[in-house]
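Computed from a predicted model, the values in this text were never measured in an experiment. Here is the naming used below: chain letters follow the sequence lines, and residue numbers restart at 1 for every chain. Any value given below was found using the heavy atoms of this structure, including those in side chains, with hydrogens, waters and symmetry copies removed.
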Amino acid sequence: MQIPIKCGCGGECQEWTIVEVQGVVEVQPAFKDQFQNLEIGLLCRPSSQETYTFTVGYHELTGSKVPLKKPLVVLKKVENGTSDQEIVAAHKRVELEVVGIIRQRILFKTRPKALISRPQQPVVKTLSST
Amino acid sequence: MMEADSPERLCEGGAAAVLNMAPGASISVAYHPQFGPHDDLMLLEVDEKLLPDVLHQRVALRGQQEEDAVLCTESKTYAVKFVGTSNSVFLVPPSEQYEIEGKCGGELGLGGKVRASVLKVAQGCMELVEIAPRIDKLKNLLLERPYMSSDVEMGDSGEEMGAGLYGWGDLVEMVQASDEELRRGLEVLSAVEIDGFWRVVDEQYMDLILNMLLHNIVLNDWSFDALNESEVMEVLKSDGFSPDISLHCLKVFGHRTVPDLGSSIWSLEEKKVCVHFARKVLRGGKKKMDAFMEEWVKKIPKGMHVSFDMLEGEVLTEQFGIDTWVRSFSVSSLPYNPTERFTILFKEQAKWEFKDLQPYISDLSVPGSSLEDLLLKYTRRTQASVDSEPVFSAR
């Protein structure tokens, strides 16, 4: 089987990015089944340096913008064959399409610092409008 | 109009909002309306050097269901390894992709708050490691049905037609190698494309046509170094050999010299012809050196000369008392997988001196490893004394 990697961007790919934190962000049980649109946290760039804070609930993380040593391409699996019949017919053609490229990420590699007072922003998970 | 429960209006800035934050700015990071597992999205780490190949559609994943996928460029093969992470990797697409309401227009963050939405939490990414092509399968495929002769081919019944035959398109689907490596592999196997299928030609059939060619050279008083392609083809055709096969014979046992006006001129290579006959002599099993040499010389066409050096990587010699025995052991019959290669080598002979071993491993190529690295990894090196030749045995 051969899966060609297609790219419609002709060398100029849409740039995606990554916000990376240690561990796992858990959504409060009340929102478990509907966390689309839910705010995860507030990302701030306090100064002209490439230092960032990320406030999630009562926790504050400090990190920085780092270029990736090797870029990441975002691939999307595309299955060709418009009808079910075509898909059944032995040769289900699968292609991978480059939909974006990631060159930089905001990385928070430290443990979170607990905020003593309630943060000013309403970062406790709430549903924002759609 | 704002909805009642909406604390403030947010516009979607996507990845650009994260990457282009002004000093003092803040943005809300939220789950995308289409947030989900998105198993169809994956991350592939690509070297800057390889990136143009990926962006200009010159790469493909190759492999059968049961094989680990490899990524092939025009000329190289890479293993694809999934590397997981325990971090939470929030993937933020540009606001233009993945339909979302309320995109920020114009200058980001001017008046009103900006949001960047996370589409997926990536579990890790795929990394690429350059590897040697998994080319051994090519030989197995082509050996399923060697080309015997046009008569045998014609005689095949209808239902069998196509079984065990592979065209370029089939090979690309089945062999984990880049196009260039695959072409090289076909060349090393002396494969020939006949009626759209890549074939190896049965050794006895090759022997038949070579003998016919040599016979015609004598008959027509041609020179080994100046064989006129069209004349050769014409004569062999009358002897019942197809043009494909005749040309293949010239390629296997010779090379094109200057292309004459209208027709190419070929030169037969003494070594290739002699090695063919040495193999033939040893097909029945090992022989005493004297007997072997005598029989070999007898088979060689007049005007050609044998030398034992020609058989490097083709035969092994063994001392029994005062007799030296010669047996066939061709490097071309060995797998390219280094583990398998060394296993077979040490099974054939427990101890090797470097000069004997060298012809049997010099064609191995493992990206990132030199021949010395391979010896270190797969052999044990011993030296009886400081000045004596090192001997290699199995680890």
Q. Just by distance, with hydrogens left out, do A:E20 and B:N87 show a side-chain donor and acceptor under 3.5 Å apart?
A. yes
Among residues 60-71 of chain A, those lying within the under-4.5 Å heavy-atom range of chain B are A:K65, A:K70, A:P71
Does the side chain of [X] reach to within under 4.5 Å of the side chain of [Y], using non-hydrogen atoms?
| X | Y | answer |
| --- | --- | --- |
| B:V18 | A:I106 | yes |
| A:L96 | B:M42 | yes |
| A:I101 | B:L51 | yes |

For residues 45-55 of chain B, the side chain to side chain donor-acceptor pair (under 3.5 Å) pairs (sequence neighbours left out) are A:R103-B:E48, B:D53-B:R58
Would you mind checking which part of [X] comes under 4.5 Å of any heavy atom in chain A, side chain (CB onward), backbone (N, CA, C, O), both or neither?
| X | answer |
| --- | --- |
| B:L71 | side chain |
| B:A116 | neither |
| B:S117 | neither |
| B:L119 | side chain |
| B:Q176 | neither |
| B:V118 | side chain |

When the 4.5 angstrom heavy-atom criterion is applied to A:V73 and chain B, the contacting part is both
Honestly, the part of A:S47 sitting under 4.5 Å from a heavy atom of chain B is backbone
Residues at least two apart in sequence or cross-chain that pass side-chain hydrogen bond (donor to acceptor under 3.5 Å, both in side chains) with B:Y166, listed by chain then number, are B:E144
For residues 123-137 of chain B against chain A, heavy atoms under 4.5 Å, the residues are B:C125, B:M126
Could you tell me whether the side chain of A:Q2 and the main chain of B:R62 form a donor-acceptor pair under 3.5 Å? no
Counting heavy-atom pairs under 4.5 Å with chain B, the top scorer among A:P46, A:G23, A:G100 is A:G23
